[in-house]
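Okay, structure first, notes after.
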Amino acid sequence: CVCVCVCVCTCVCVHMCVHVCVHMFRSYHVQVYLEFLHISEEMKSLSDEITLPAAEELLVKLVDLCHRIQQVPTPSVKEVLCQAEMSKRIAAYIRTVVEVKSSLTNITTSFSTIRDMAQCCARLPMPEDYSISEYRHLVHTYTMELANL
């Protein structure tokens with residue numbers, strides 16, 4: 001058993017820092033936590049000078065992490081909380097990167113992108129209230145796209 005202490009810092013409304021000690025049997029799950037921390041650092045350093053290829057690469061990483069995070073075992077309440085916090089952050093990061101991509105291309109968000117975002121949100125193990133909030137944002141984006149046709 002590999003014991004890894006992962007500090008997952010998230011900026012929730014009260015800027016709380018969640019410390020989770022994760023006991024894993026395989027390093028794959030530890031890699032998911034470390035990748036999340038790495039992507040969080042990338043998002044903090046996201047600047048106005050980001051290029052379209054860099055935004056697309058970051059989006060690919062986020063979607064990949066979205067698929068992998070649901071596979072992390074959650075044997076205790078701490079792991080469930082950590083998984084939920086990471087899911088909420090990933091959903092917000094995906095939305096941010098898609099908005100940055102749209103601004104770089106001067107093209108509004110496409111219907112396929114909205115569909116892809118909805119599929120990612122559906123896969124993420126988020127609390128119900130946050131899922132509803134994310135879907136509300138997607139529906140708003142979708143209706144804005146319909147209005148622009």
Side-chain angles (χ1 to χ4, degrees), residues 1-47 50 52-105 108-145:
C1 177
V2 178
C3 179
V4 177
C5 187
V6 178
C7 175
V8 179
C9 295
T10 59
C11 294
V12 186
C13 293
V14 291
H15 298 318
M16 67 181 212
C17 182
V18 180
H19 296 278
V20 179
C21 184
V22 184
H23 298 280
M24 297 290 171
F25 292 104
R26 288 179 270 158
S27 63
Y28 169 80
H29 302 300
V30 173
Q31 186 63 33
V32 173
Y33 286 98
L34 294 176
E35 187 175 334
F36 170 77
L37 291 173
H38 177 70
I39 288 176
S40 294
E41 288 301 315
E42 282 186 54
M43 291 300 295
K44 285 180 188 174
S45 64
L46 196 67
S47 66
I50 189 169
L52 185 60
E56 288 175 352
E57 180 183 335
L58 189 54
L59 190 59
V60 168
K61 288 180 186 178
L62 285 165
V63 170
D64 179 54
L65 188 58
C66 172
H67 295 295
R68 294 176 12 168
I69 195 168
Q70 66 187 6
Q71 299 170 353
V72 174
T74 53
S76 74
V77 175
K78 286 181 182 180
E79 282 87 3
V80 171
L81 176 63
C82 187
Q83 188 182 48
E85 288 296 322
M86 288 191 307
S87 295
K88 288 172 21 178
R89 279 276 134 218
I90 290 169
Y93 292 160
I94 288 173
R95 188 173 357 115
T96 301
V97 172
V98 166
E99 289 170 3
V100 166
K101 252 182 80 173
S102 294
S103 70
L104 288 172
T105 59
T108 57
T109 308
S110 69
F111 294 116
S112 63
T113 303
I114 295 169
R115 184 191 66 233
D116 294 342
M117 289 171 58
Q119 289 174 345
C120 282
C121 286
R123 286 187 197 105
L124 288 170
M126 291 187 285
E128 186 177 335
D129 59 334
Y130 201 80
S131 294
I132 290 170
S133 173
E134 283 299 316
Y135 287 128
R136 188 174 295 133
H137 173 75
L138 289 171
V139 167
H140 174 73
T141 305
Y142 186 73
T143 51
M144 295 303 292
E145 284 302 310

Partners of Met43 by side chain to side chain contact (heavy atoms under 4.5 Å, CB included), sequence neighbours excluded? Ile39, Leu46, Leu58, Tyr93, Thr96, Val97
Backbone N/O of Pro125 and side chain of Gln70: donor-acceptor pair under 3.5 Å: no
Does any non-hydrogen side-chain atom of Lys44 lie less than 4.5 Å from one of Glu41? yes
Could you tell me which non-hydrogen atom of Cys120 sits nearest to which non-hydrogen atom of Val63, and how far apart they are? SG-CG2, 3.9 Å
Residues forming a side chain to side chain contact (heavy atoms under 4.5 Å, CB included) with Ala122, sequence neighbours excluded: Tyr135
Could you tell me if the side chain of Tyr130 sits less than 4.5 Å from the side chain of Ser87, heavy atoms only? no
Taking all atoms of both residues into account, what is the closest heavy-atom pair of Phe36 and Leu65, and its distance? CA-CD2, 3.7 Å
For Glu57, check salt bridge (charged side-chain N to carboxylate O under 4.0 Å, His left out) against everything at least two apart and list the hits. Lys61
By side chain to side chain contact (heavy atoms under 4.5 Å, CB included), which residues pair with Asp116, not counting sequence neighbours? Gln119
Would you call Thr141 and Met117 a side-chain contact if the rule is heavy atoms closer than 4.5 Å? no
Looking at every heavy atom in both Ser131 and Met126, which two are closest together, and how far apart are they? OG-CB, 3.6 Å
Contacts satisfying salt bridge (Lys or Arg N to Asp or Glu O under 4.0 Å) that involve residues 127-138 (not counting sequence neighbours) are Arg95-Glu134
Minimum heavy-atom separation for Lys101 and Leu52, please, with both atom names. CG-CD1, 3.8 Å
Once side chain to side chain donor-acceptor pair (under 3.5 Å) is applied, do any residues pair with His38, and if so which ones, sequence neighbours excluded? Glu42
How close do Ala118 and Leu138 get, counting heavy atoms only, and between which atoms? CA-CD1, 3.5 Å
Tyr142 meets the ring-ring contact (aromatic ring centres under 6.0 Å, His included) criterion, sequence neighbours left out, with Phe111
Nearest-0.5 Å distance that lies between atom CD1 in Ile69 and atom CE in Met86: 3.5 Å
How would you list, by chain and number, every residue that makes a side chain to side chain contact (heavy atoms under 4.5 Å, CB included) with Ser133, sequence neighbours excluded? none
Nearest-0.5 Å distance, CD of residue Glu85 to CD1 of residue Ile90: 11.5 Å
